[in-house]
Amino acid sequence: MSKISTNFTNILIPVFAALMGLLFGALIMLFSGYDPVLGYTALFEGMFGTPRAFGETIRAMTPLILAGIAVGFAFRTGLFNIGVEGQALVGWLAAVWVGVALDLPKPLHVTIAIVVAAIAGALWGFIPGLLKGRFGVNEVIVTIMLNYTALYLTSYLIKRYIFAGNEKSENIKESASLQSPWLSEQFGFSRIHYGIFIALLMAIVMWYILEKTTLGYELRSVGFNKHASQYAGMNVNNNIMYSMMISGGFAGIAGSMEGLGTFGNMTALTHFTGIGFDGIAVSLLGGNTAIGIVVSALLFGGLNSAAPSMNFNADVPSELVRIIIALIIFFVASSYVIKYVISKYSKEDK
Amino acid sequence: MKKTGLFLSLVLATSTFLGACGTTKETGEKDTAEKKENKFKVGMVTDTGGVDDKSFNQSAWEGMQRLGKEEGLEEGKGYKYLQSNSDSEYVPNLTTFAEGGYNLTYGIGFLLADHVGTVAKQYPNQQFAIVDSVVEGDNVTSITFKEHQGSFLVGVLAALNTKTNKVGFIGGVKSDLISKFEVGFRAGVKSVNPKVEIISQYADSFVDTAKGTSIASAMYGQKVDIIYHAAGNVGNGVFTEAKNRAKKGEKVWVIGVDRDQHNEGMPENVTLTSMVKRVDNAVFEVSKKALDGTLKGGEIVEFGLEEKGVGIAPTTSNLQEGQVDKVKEYEEKILSGEIKVPSSEKEYTEFEKTLK
């Protein structure tokens, strides 16, 4: 009985948070003189209204799923990986580099590009993992700093080695691309690409590692209680490193989705893409579970990709979407209040 | 108990608002119907700097507003902008306009160049325009500026006004485009007084205001008294630093870019002059052509001194007597071809040789 009710609460809280976020978003629209019904109709149309809109939503959710499972994986093992953004950038560059430099048959080229992206992300995650595992350095601070390192390093490397003008790298070879004219045509010529299948596969991989393998069991156990795990004979330090590397690997693949799927190249960025940071929100809303992350990535991806259409059709500034996302996070974070209310009510029922 | 009350009132509030929403739906539908009736529609997609960047995005938008006023177009229906919050939004934003049946859609800034090219190919019956870059395509008009000419003129003013014989240049991201600003500025300074030293630095960003402040702080610290910036929002940080120093009694100047940035320097009054790039004029003229049906597409339209596309700002209150005439003198020399302003590092080396 209690198990069912906790499961129910776990689903209820994010749903409640999302609804509250949308409700308060409506209030803000109303108070600023916009029409919330028109606004939300346009937002919904922009998410699912046309094949193209749906395709763009899927395109936007693809890297978010991967960023979400990267954050979620680390979180489940007791680590807070704020460095997903940086790991994704490194993965993005690695994937594009393989796509530009190598000449291989199609399936092999894509696969290698993604694997290399995962390795690059894992290496970027290895640094904070090593520092945390060996020397107890706070991973939050290290990963935040490494984000900036990744941002400027990738920008420099692009300009130094694979620069094609207009602040962009050279385009990847056709054989490394995840884009598919056929798939794109099915979705009204949107930028949807095969990456979505990889993202979903990786969500399953995350679930499998955490729930079905000894490694996952150990990692989760370290997350619950470091000292007890050590006492039980687990190598806590190594587990922290493995966890950061796996998390970084997912993040690296998230970056490769942009490189091999959406853009086909990489811009010498001067500011963060926001994928990694949105990933934190996605993971939080999804309760750090694989299935929850996929669903909340759909919501956040849709919100992001539909913002311009809301602006266009209902004249509601697209910043409102950022406010809604912020509100959703706020309500997820204040979930303990909601839990308290729910538990009180269910007691009264009895 | 208190919590129950709160919860209840929330529920109540929800239902009230939802009720209120229901009534507004009809007007919403009318709006969309009207939209379809309108004939000419022109849209612009900003780069990540946003429409209030106090620079070229804003300038483009001002041009569009002027067009709207003169041609009786209504904002939101006849002309409209969409802001891009990240690189991945360029394509959806451009597509949104094309799908909405907009006759002409601008991509503001060279960052959108490839994306304008892609979208223009998908919608061959509509016109597109790109500012600050050249894109091939029968339905794309490329708008470029001779920024080096305008920068040359503010360089002249910098050389005339510096007391320390040291002036600075802060660029956004290093590229061929921003080089035009830097090289033109240097040429202008050196033409007046070859002894003036020029310090150049790039912020590697167009949005990082804090970086503008720190670079400006370092430059003013090295006795630079005039800084020319070509760095979008980063420039706002330069203004902040200059104003802070002016408050403490230091005499420092900023030369603005793209728009007349006199107001950005107030109330401390630190804007010496600005290199105006009349993106608004360009947007206005190209849009007007499209409106009249004479826009061909596939052309490169270049706006220089001659076309009144670049120049110094109309506000000249901080300039000394006679300096405006001096600028005019150089302007005529450029127009007559007597001075050929360099637009790249290579041309500058050539230019430097002719100085002495």
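Since we're looking at a predicted model, the values are computed, not measured. Letters A, B, ... are given to chains in the order of the sequence lines, protein chains preceding strands, and every chain is numbered from 1.
Within 6.0 Å of the CZ atom in A/Phe44, the count of heavy atoms belonging to other residues, nucleotides or ligands does not exceed 12.
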Check the pair B/Glu182, B/Tyr202 against side-chain hydrogen bond (donor to acceptor under 3.5 Å, both in side chains), reporting the backbone distance first and the verdict last.
CA-CA 10 Å; B/Glu182 186 194 339; B/Tyr202 283 80; 2.6 Å; yes

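Looking only at heavy-atom pairs under 4.5 Å with chain A, the residue among B/Asn85, B/Thr95, B/Val45 that has the most is B/Thr95. Most heavy-atom pairs under 4.5 Å with chain B: of the set A/Pro308, A/Ala60, A/Gly274, this distinction falls to A/Pro308. Chain A forms more heavy-atom pairs under 4.5 Å with one residue of B/Ala113, B/Ser88, B/Ser175 than with any other, namely B/Ser88. Between chain A and the residues B/Leu82, B/Leu111, B/Val173, the most heavy-atom pairs under 4.5 angstrom are made by B/Leu82. Note on B/Asp176, B/Val207, B/Leu177, B/Asp114: by heavy-atom pairs under 4.5 Å with chain A, the leading option is B/Asp114. Interface check for chain B: of the options A/His271, A/Glu258, A/Arg322, A/Glu319, the most heavy-atom pairs under 4.5 Å are formed by A/His271.
Of the atoms belonging to B/Asp87, heavy atoms from both backbone and side chain fall under 4.5 Å from chain A. If you measure heavy-atom distances from A/Tyr40 to chain B, you find no contacts under 4.5 Å at all. Only the side chain of A/Arg52 has a heavy atom closer than 4.5 Å to any heavy atom of chain B. Of the two parts of B/Ser84, neither the backbone nor the side chain holds a non-hydrogen atom closer than 4.5 Å to a non-hydrogen atom of chain A. Neither the backbone nor the side chain of B/Thr118 comes within contact range of chain A; no heavy atom of the residue lies under 4.5 Å from a heavy atom of that chain.
With no hydrogens or angles considered, no side-chain donor-acceptor pair links B/Tyr79 and B/Glu74 at under 3.5 Å. The closest side-chain donor-acceptor pair between A/Thr57 and A/Ser305 falls under 3.5 angstrom. There is no side-chain donor-acceptor pair under 3.5 Å between A/Glu45 and A/Ser309.
For the side-chain contact (heavy atoms from CB on, under 4.5 Å) criterion with A/Asp278, the lone passing option out of A/Leu303, A/Val84, A/Asn304 is A/Asn304.
A heavy-atom distance below 4.5 Å is not found between the side chains of B/Thr213 and B/Val238. In this structure, the side chains of A/Tyr152 and A/Leu157 stay at 4.5 Å or more apart for every pair of heavy atoms.
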